[in-house]
Amino acid sequence: MTKAELIGVMASEAGITKVAGAATLEAFISTVTKELKKSGRLGLVGFGTFSVVKRKARAGRNPQTGKAIKIPAKKVVKFKAGKTLADKVK
């Protein structure tokens with residue numbers, strides 16, 4: 001599903017325009033991003049938990065040349081599905 005398709009489905013489910021649906025999705029993404037930067041964790045009961053974790057530096061290989069490269073440490077976002085969501089997907 002693309003972002004445009006998601007906006008269309010959200011708008012029809014909520015009975016709002018696609019413009020309002022796009023604004024709502026952008027507000028959600030912005031809020032999640034700000035909260036992850038601030039506290040590093042956001043939990044939505046029944047849906048899941050977003051968290052920021054540190055990934056250590058490690059050695060890797062360039063798949064084209066086979067040459068060893070160093071992959072630097074960085075922060076990544078992790079999502080763990082909540083029980084309600086996991087049960088619905090089964």
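Any value given below was found using the heavy atoms of this structure, including those in side chains, with hydrogens, waters and symmetry copies removed.
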For a quick test of your reading: what N or O donor-acceptor pairs under 3.5 Å do the side chains of residues 66-87 make, sequence neighbours left out?
| residue | atom | partner | partner atom | Å |
| --- | --- | --- | --- | --- |
| Lys83 | NZ | Asp87 | OD2 | 2.8 |

What side-chain donor-acceptor pairs closer than 3.5 Å can you find for residues 2-20, not counting sequence neighbours?
| residue | atom | partner | partner atom | Å |
| --- | --- | --- | --- | --- |
| Thr2 | OG1 | Glu5 | N | 3.2 |
| Lys3 | NZ | Glu26 | OE2 | 2.4 |
| Glu5 | OE1 | Thr2 | N | 2.9 |
| Ser12 | OG | Gly8 | O | 3.4 |
| Ser12 | OG | Val9 | O | 3.0 |
| Thr17 | OG1 | Ala20 | N | 3.1 |

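When the side-chain hydrogen bond (donor to acceptor under 3.5 Å, both in side chains) test is applied to Ser39, the partners found at least two apart in sequence or on another chain are Glu35. Taking the ring-ring contact (aromatic ring centres under 6.0 Å, His included) definition, one finds that Phe28 meets it with nothing, sequence neighbours left out.
Residues Val89 and Leu44 are members of one and the same hydrophobic cluster, defined by side-chain heavy-atom contacts under 4.5 angstrom among Ile, Leu, Val, Met, Phe, Trp and Tyr.
Residues in residues 40-56 take part in no side chain to side chain donor-acceptor pair (under 3.5 Å) pair, two or more places apart or across chains. Pairs of residues two or more places apart, or lying in two chains, never qualify as ring pair (Phe, Tyr, Trp, His ring centres under 6.0 Å) while including a residue from residues 6-27.
Looking at every heavy atom in both residues, Thr33 comes nearest to Ile29 through OG1-O, 2.8 Å.
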